[in-house]
Amino acid sequence: MNPIGLILIAATVLVPAYQLFSLPGITDQAALFSQYLGLAALILMAWSQMLSTRLPGIEHLFGGLDRVYILHKWTGIVAMGAVLMHDTIGAEMRGLGRETALNDFAESLGEISLYGLLLLVLISVATFIPYHLWKWSHKAMGALFAVGALHFFLITKPFAMTDPAGLYTGSFCVAGIVAYLWMLLPHRLRPSYRYKIAKLETTGGALAITLAPKGKGIRPLPGQFGVLRFTGAGINEPHPFSFSKIDYDGTVCVTVKALGDFTSTLDKVLRIGQRVRVAGPFGKFRYAGKGPEVWIAGGIGITPFLVWAENLKAESEPVDLFYCIKSRTVAPHLSEIEKLAACRPNLTLHIVASGEGQRISAEMISNAVGPGLSRAKVSFCGPRSLQEALKKGLKHYGVENRQFQNEEFEFRSGIGIKRLIKWLGGRYLRFRNRNRRARPSPSPENMT
């Protein structure tokens, strides 16, 4: 992930702190801090909406789209934590004026936004929910963000909307709402390339889909992926797929393994000539070509390495490709990668078949590569559990984190979000219960 993007988001969130705490005559510092948390949450939610647009420049600023999606989730999660603390601490300040119907309405909007977002964030990490249902609940987050923004515009505050704090946060709210409306546009109105299915063939238990352009074709770099939307047969949901073949005329191929509800149906419903919309290209998973390389593919993770191998130059440094499979009969593109290795002296292929009792490990890689491993760049595409084990193990052989690159495929899960949600929920309930116990009972004179 590009640290420049992280610094940018952090800086934009800190600006309201200076704006608020420089206001004169504020004595209720706890309420002022709660006000800041509310502004920070709105800015983070606006960033979350903007990151989801996939607009040009987003990847350049924040990293590959796989990293952008993780950052999109984390900004939403951190924003949710800020909203919970904002509600728990309480942002009401003495001396801001009497209560009005408009202020009461704004408070109601805030409650709707809070509890609605909390529910949808919990749903968003429930990976057992089917994608088409999850997608609609995820889209509703933008609507609840807009409700929260309206709460901000209407609620009584220690500053005016024309003051720097109001203009600054208000601008982010508007930008986030515009990004949300952009994502609601029909996909045909957003940038994409028109393709048709030219060939369908089975390779090692996976489906290779060759796409021919209808007009101008996409121009991806080796290792990049596209977001595909098939038309017809009720399968128009967009999904990301790495390109397993890239031709000069714009023809591309993606290889799909039946790993979920959507991918399990493709071999039954796709037809030659069927139309496909391709958005992209996306991704920063690139072959560096500087120094020795180690490529590690887990199952269908061979797809980006297949294109890398096709584009490997004779003068390139040596490459060791470890292809981890269950068996040779269910290994996608095995014959193709073997042919490429046979005609490229600088590409050494290592087949690691678990069905034959083989298990890849850092020790195996070290024994195969030799003393040059500590200088090599390691590229990984495959299951997260294997990635984490190898990344940790290779450190013992001199491979630092900066030498290890990987591509994230589980866009819905993020990293540690379930644990964080559980922790935030527990903290929030404890804060609420503690505050309720600490509040004094209303005196008789205040009840009249």
Side-chain angles (χ1 to χ4, degrees), residues 13 16 30-31 33-49 51-52 72-93 99-130 133-157 169-170 172-173 176-177 179-181 183-184 412-414 416-439:
V13 171
F33 179 62
S34 178
Q35 291 272 346
Y36 165 69
L37 290 173
L39 302 188
L42 287 170
I43 292 170
L44 286 170
M45 284 189 279
W47 272 117
S48 185
Q49 294 298 320
L51 290 169
S52 69
H72 156 78
K73 295 170 189 175
W74 273 106
T75 52
I77 293 295
V78 175
M80 195 69 249
V83 170
L84 290 173
M85 292 182 65
H86 166 75
D87 179 69
T88 300
I89 297 172
E92 295 181 8
M93 288 185 174
E99 294 292 322
T100 64
L102 184 62
N103 197 71
D104 290 341
F105 175 64
E107 288 186 351
S108 298
L109 291 176
E111 293 291 316
I112 293 171
S113 178
L114 166 63
Y115 294 112
L117 284 170
L118 182 60
L119 175 63
L120 292 180
V121 166
L122 292 172
I123 290 175
S124 73
V125 297
T127 53
F128 59 85
I129 294 177
L133 296 177
W134 172 87
K135 178 185 68 174
W136 288 110
S137 67
H138 205 65
K139 279 190 174 183
M141 286 188 183
L144 290 170
F145 161 68
V147 172
L150 187 58
H151 159 79
F152 164 70
F153 286 123
L154 298 180
I155 198 75
T156 302
K157 301 177 285 291
T169 305
F172 271 94
C173 290
I177 292 171
Y180 172 61
L181 294 175
M183 293 302 293
L184 291 180
R412 282 184 61 179
S413 61
I417 288 180
K418 291 182 181 179
R419 292 193 298 271
L420 181 61
I421 288 290
K422 184 178 179 180
W423 181 82
L424 284 174
R427 297 291 294 178
Y428 175 65
L429 290 175
R430 283 195 289 272
F431 272 128
R432 294 280 289 189
N433 293 336
R434 190 180 305 160
N435 274 12
R436 284 173 180 168
R437 288 195 299 268
R439 287 174 188 166

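Residues take their numbers from the sequence shown, with the count starting at 1.
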* For Ser113 and Leu144, indicate whether the former's side chain and the latter's backbone hold a donor-acceptor pair under 3.5 Å. => yes

* Are the side chain of Ser52 and the backbone of Gln49 linked by a donor-acceptor contact shorter than 3.5 Å? -> yes

Hey, could you give me the [atom1]/[atom2] distance between [X] and [Y], rounded to the nearest 0.5 Å?
X      : Y      : atom1 : atom2 : value
His86  : Leu42  : NE2   : CG    : 8.0 Å
Thr169 : Phe152 : OG1   : CZ    : 4.5 Å
Leu84  : Ile89  : CG    : CD1   : 11.0 Å
Leu44  : Leu51  : CG    : CG    : 10.0 Å

* Structure fact -> Here the pair of heavy atoms bringing Leu117 nearest to Met141 is CD2-O, 3.9 Å

* **Those residues that, when tested against His72, pass ring pair (Phe, Tyr, Trp, His ring centres under 6.0 Å) (two or more places apart)** => His138

If we only count heavy atoms from C-beta on, is the [X] to [Y] side-chain gap below 4.5 Å?
X      : Y      : answer
Phe172 : Met45  : no
Phe153 : Cys173 : yes
Glu111 : Asp87  : yes

